[in-house]
Amino acid sequence: MQIEQQIAEIQNVVDDVLKMATSKGATQAEASMSKVQGIAVSSRMKEVENVEFTNDGGLGISVYVGKHKGSASTADLSPQALALTVEKAIDIARYTSEDPCTGLADAELMATEFPDLDLYHPQELDPQHAMQLAIETEAAALDYDPRIINSDGASYNANHGMRVYGNTHGINAGYPSTRYSLSCMMIGAQSDDMQRDYAYTISRKPDGLDAATKIGREASEATIARLGAQKINTANVPVIMQKDVASSLFGHYVGAISGGSLYRRSSFLLDKLGEQIFPQWLNIEEKPRLKGGLASANFDAEGVATHDATVVDQGCLAQYLFTTYSSRKMNTQSTGHAGGIHNWIVGDTGHTDAQLLKEMDTGLLVTELMGQGVSTVTGDYSRGAAGFWVENGVIQYPVHEITIAGNLKDMFANIRAIGSDRDVRGGVQTGSVLIDNMKIAGN
Amino acid sequence: MLNNVARHLLTDSGLELSSLEQALGQIHRHDTDYADLYFQSSQHESWVLEDGIIKEGSYNIERGVGVRAISGEKTGFAYSDEISPAALEKACQAARTIAPAGGTHQVSSLHQQSYPARYDEKNPILGMVEADKVALLKAVDAYIRKQEQGINQVVVSLSGVYEEILVAASDGTLATDIRPLVRLNCSVLLEKGDRRERGSAGAGGRHTYDFFASQADGRPVYEKLADDALHMARVNMQAIASPAGAMPVVLGNGWPGVLLHEAVGHGLEGDFNRKGASTFSGKMGQQVAAKGVTVVDDGTMQDRRGSLSVDDEGTPTQRNVLIEDGILTGYMQDKMNARLMGVKPTGNGRRESYAHLPMPRMTNTFMMGGQYNPQEIIQTIDKGIYAPNFAGGQVDITSGKFVFSSAEAYLIENGKITAPVKGATLIGNGPEVMQQISMIGNDAELDSGVGVCGKDGQSVPVGVGQPTLKIDKLTVGGTA
């Protein structure tokens, strides 16, 4: 069946479900449905380990009976299950309280244009091809260095999916997308020390992935580099968060400027709109309609149209992120952020990674962060870390079993430089981030 | 004779036991050693109170079948969100492609296992009417507002799961289980000038919702939870910067057992050890922890969040001693890893749902009590940290490095607990920290029933526990 036809069928289901909800007493209703098919193939020690055929789908509905809301969802898409789901949602709305802020997003905010965002590049889901790629990746990793003594395996994933959203304002829109990834985790040893690390590549296009041999070698290179890691002494030093871990820093920023944290007064960035948070040279652009982007979408989880925006402007907090509900709690409008952000591009200072090390001179390069020790309420930050000790801009030795700590407010203000080589594998695209001063706890 | 679960999952979808034997036989026509079918139907509901009103309610249904075929160390897996003869056949055909055609194994005829039930079969969602669920949430809110006048933010949530599963395997295993699970959480936010601090607490288990109104320490469970959440927020309002560096740490009893879960639990799961990927690989029979340390994983405990009557492969759960007096005595196993390592499965084969592959997982993991009074332990420390409450943790099972983050902690100065300190991440190396345990309290306790364990993207409910423990040296990630 053609993909357009499959989407049309799902749109019909969404339409039916919305009609059912209305006929059962809903004054407003919204439904979303997704279907994803894929394969996940892994190898270990150059042999196939798992072949999984994945097939996930589900429908979620929210109904509003006046200002009372009820929600239900189902992974079982049989007609009986869909009917039960609608009934349950209506039933729940009889018990939730009246809430003036509840309801669909404003009709005038609905997406009306649906340009092709270049997210769909189907390729036959072929387990043989997937096995070859996984084994090729792992072989390159295992052959890289004799200190690579074991493997946690390589895996190839391919997913073809579609998502449809509709509500009783009349929007009923859907689009297909694909996602491919290849990853590898290796284990190295040197005397008593055993370490692991990994590498991965991800793309909307099957041929957008990095070469298998490159991923294998990167995984082993990263693993070998960690061998012989030491603890360092407790100290205050500058820190570079390598680009792949630096995106988490902006993830904490997203959490703190999200409407849900604001109306609950649970954010250290409450009442800071327009204020200087980052250094003046730092801008962050949101580009929801980036062609082929991993976090691209024409509309958010409530059907609200997405827009390009400068979310951080010359270091200032230029925009909070609102869903419909949180915006009404804060007397403003949705910014199209139900379900999260869409492609943030973090500005840089033009430094290459090597120049960034020189700029830091002496300090810690962080390549791994562990644990969840971050509070959006207070901004307090304390996480486990591993990486490399740097002197005179040159990496000296690997470091582990330490923590880095501070407060996000200070960490954001103390960003001295950001590298120009970005990690583009996630919703936040950033280079490595140099922060002036953090507390390292070690010996 | 089919029981109710089998009728719901099979008969209602046009399947019989003979259809399952045929499906398994179809897989064994390829060169496979083992195959299983996992049928599941679950309902989940949640209710949220915020700003004094019932803001959200949701209900979720899930139903499907997962088919697994194993050949040596290779696994083929397919699943369907529809239970029907056609969907089952299609999944079997996909899963068996892991091995070439031409199998020699016979399917043993299925027969129903019997084992003790570790919890009641009641459906919590149906066991209480909606109006009473709403009333319970409002009672928690009212209680908190009475204790702390002028409090602004109170969020209370209630959730319940009712799950029926059936496992049929080519080794003849046929098992069914009914698994209720409930949870109540509350979170409060205190404000004073510019300072805001949150406190939270939760409890649950394989009960019905009535559990939350039952008595604990002379008051309803829900009042205790509310008090605990308020206590945490009040303490944190006073917290000063946490110290940084290596120092002695005293962990409280109960939930701080997260330490064990991360420091040794994951490292003792069979898959990592079969592959030689764990820092504990090949250490069976060796001293891996200080003398006096005994760690147990027990899936049989009555009504506990991590308990199962049978695991997701149809193996009855048991009490497994992992470390006895410091000596490594056992790994946690599922069927596949047990077979490949030449040992017996231990009832630890678990999966998040029919759409996920089983693997060795923990159930309720805890350390047995020792001889010291908690007060005696504190008195031995000149300068250190006392940490009675934690948020989550994480481990790298290869290097043994693990972290966990304190949610409530205090300085210990000259043998006394003094000022509260801000939450900080603690980091250590599993095998080293287990050797650094120098005093074990006599107050062993399990957590209140809120643990969720993640592995390879799959979440399962677990229990953790321990007595008060003294660790001679652990790195505390503060800022002072």
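A quick note: this is a predicted structure, and the numbers were derived from the prediction, not measured. Protein chains get the first letters and strands the later ones, always in sequence-line order, with residue 1 at the start of each.
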Are Glu73(B) and Val48(A) close enough that some pair of their side-chain heavy atoms sits under 4.5 Å apart?
no

Is it the backbone or the side chain of Glu47(A) that comes under 4.5 Å from a heavy atom of chain B, or both, or neither?
side chain

Below 4.5 Å, heavy-atom pairs only: which of Pro243(B), Gly428(B), Gly64(B) has the largest tally toward chain A?
Gly428(B)

Please classify the contact between Thr479(B) and chain A as side chain, backbone, both or neither, with a heavy-atom cut-off of under 4.5 Å.
both

Roughly how far apart are Ile61(B) CD1 and Gln80(A) CD, rounded to 0.5 Å?
10.0 Å

Lys74(B)/Glu49(A) ion pair, N-O < 4.0 Å
no

Can you tell me how far CD of Gln128(A) sits from OG1 of Thr97(B), rounded to the nearest 0.5 angstrom?
8.5 Å

Taking all non-hydrogen atoms of both residues, which atom of Thr398(B) and which atom of Gln195(A) are closest, and how far apart?
CG2-C, 3.8 Å

Quick check on Lys455(B): does its NZ atom have over 12 non-hydrogen neighbours (other residues, nucleotides or ligands) under 6.0 Å away?
yes

Region of Lys422(B) that comes under 4.5 Å of a non-hydrogen atom in chain A
side chain

Chain A contact via Leu49(B) - side chain, backbone, both or neither, heavy atoms under 4.5 Å:
neither

Flag side-chain contact, heavy atom, 4.5 Å: Ile402(A) against Ile427(B)
no

If only atom types and distance count, is the side chain of Asp81(B) paired as donor or acceptor with the main-chain N or O of Asn55(A) below 3.5 Å?
no

Identify which of Glu82(B), Lys55(B), Gln43(B) forms the greatest number of heavy-atom pairs closer than 4.5 Å to chain A.
Lys55(B)

Tell me which of these, Val48(B), Val134(B), Asn429(B), has more heavy-atom pairs under 4.5 Å with chain A than the rest.
Asn429(B)

Looking at Glu50(B) and Arg264(A), is any side-chain nitrogen of the basic one under 4.0 Å from a carboxylate oxygen of the acidic one?
yes

Segment of Asn236(B) engaging chain A (4.5 angstrom heavy-atom cut-off)
neither

Contact origin within Ala424(B) toward chain A - heavy atom pairs under 4.5 Å
both

Does some side-chain heavy atom of Glu197(B) sit less than 4.5 Å from a side-chain heavy atom of Val377(A)?
no

Taking the side chain from Thr403(A) and the backbone from Thr425(B), do they hold a donor-acceptor pair closer than 3.5 Å?
no

Please classify the contact of Tyr325(A) with chain B as side chain, backbone, both or neither, using a heavy-atom distance under 4.5 Å.
side chain

So what's closer than 4.5 Å to chain B heavy atoms on Asp152(A): side chain, backbone, both or neither?
side chain

Of the backbone (N, CA, C, O) and the side chain (C-beta and beyond), which part of Glu191(B) lies under 4.5 Å from a heavy atom of chain A, both, or neither?
side chain

Verify, without hydrogens or angle tests, whether Ser97(A) (side chain) and Ile53(B) (backbone) share a donor-acceptor contact under 3.5 angstrom.
no

Less than 4.5 Å apart, side chain to side chain, heavy atoms only: is that true for Lys88(A) and Glu45(B)?
no

Given heavy-atom pairs under 4.5 angstrom as the criterion, report whether the side chain, backbone, both or neither of Asp194(B) touches chain A.
neither

Is there a donor-acceptor pair under 3.5 Å between the side chain of Arg198(B) and the backbone N or O of Thr378(A)?
no

Smallest heavy-atom separation, Ala355(B) atom then Asp56(A) atom, equals CB-OD1, 4.2 Å

Part of Thr376(A) within contact of chain B (heavy atom distance under 4.5 Å):
neither

Close side-chain approach of Ile92(A) and Trp47(B), heavy atoms under 4.5 Å
yes

OG-OH distance between Ser73(A) and Tyr59(B), expressed to the nearest 0.5 angstrom:
10.0 Å

From CZ (Phe404(B)) to CD (Gln372(A)), nearest 0.5 Å
12.5 Å

Relative to chain A, which of Asp51(B), Val155(B), Thr279(B) shows the most heavy atom pairs under 4.5 Å?
Asp51(B)

What part of Ser62(A) is in contact with chain B, defined as an atom under 4.5 angstrom from a non-hydrogen atom: side chain, backbone, both or neither?
neither

So which atom in Ala405(A) and which in Gly477(B) form the shortest heavy-atom distance, rounded to 0.1 Å?
CB-O, 3.4 Å

Counting heavy-atom pairs under 4.5 Å to chain A, which of His44(B), Lys401(B), Glu130(B), Glu62(B) comes out on top?
Lys401(B)

Considering only heavy atoms, which portion of Ala385(A) lies under 4.5 Å from any heavy atom of chain B: side chain, backbone, both, or neither?
backbone

I need the Glu56(B) CD to Lys69(A) NZ distance, nearest 0.5 Å.
4.0 Å

What part of Ala81(A) is in contact with chain B, defined as an atom under 4.5 angstrom from a non-hydrogen atom: side chain, backbone, both or neither?
both

Determine whether more than 12 heavy atoms belonging to other residues, nucleotides or ligands lie under 6.0 Å from atom OH of Tyr95(A).
yes

Contacting moiety of Arg44(A), where chain B heavy atoms sit under 4.5 Å
side chain

Minimum heavy-atom separation for Gly57(B) to Thr96(A), with atom names?
N-CG2, 3.8 Å

More than 12 heavy atoms of other residues, nucleotides or ligands under 6.0 Å from NZ of Lys272(A): yes or no?
yes

Distance col, row Tyr79(B):OH vs Glu52(A):CD, nearest 0.5 angstrom, shows 7.5 Å

Most heavy-atom pairs under 4.5 angstrom with chain B, which of Gly442(A), Gly371(A), Gly70(A), Gly373(A)?
Gly442(A)

Is it the backbone or the side chain of Ser42(B) that comes under 4.5 Å from a heavy atom of chain A, or both, or neither?
neither

Where on Ala91(B) is there a heavy atom nearer than 4.5 Å to chain A: the side chain, the backbone, both, or neither?
neither

One pair to check against side chain to side chain donor-acceptor pair (under 3.5 Å): Lys275(B) and Ser151(A). What are the steps and the verdict?
CA-CA 8 Å; Lys275(B) 296 173 186 176; Ser151(A) 166; over 6 Å; no

Would you mind checking which part of Phe272(B) comes under 4.5 Å of any heavy atom in chain A, side chain (CB onward), backbone (N, CA, C, O), both or neither?
neither

Decide, yes or no, whether a salt bridge links Arg196(A) with Asp396(B) under the criterion of side-chain N to carboxylate O below 4.0 Å.
yes

May I ask you to name which of Val51(A), Thr54(A), Ile39(A) has the most heavy-atom pairs under 4.5 Å with chain B?
Val51(A)

Could you have a look at Ala72(A), Gly153(A), Ala189(A) and say which one has the most heavy-atom pairs with chain B under 4.5 angstrom?
Ala72(A)

Specify which of His400(A), Arg265(A), Glu98(A) makes the most heavy-atom pairs with chain B at under 4.5 Å.
Arg265(A)

I need the minimum non-hydrogen distance between Tyr354(B) and Ala75(A), along with the two atoms involved.
OH-CB, 4.3 Å

When the 4.5 angstrom heavy-atom criterion is applied to Lys329(A) and chain B, the contacting part is side chain

Ignoring hydrogens, what is the shortest heavy-atom contact between Lys439(A) and Ala244(B)? Give both atom names and the distance.
CE-CB, 3.7 Å

Look at Ser266(A), Ala386(A), Ser78(A), Pro127(A) and state which one has the largest set of heavy-atom pairs under 4.5 Å with chain B.
Ser266(A)

Arg196(B) versus Leu270(A): any side-chain heavy-atom pair under 4.5 Å?
yes

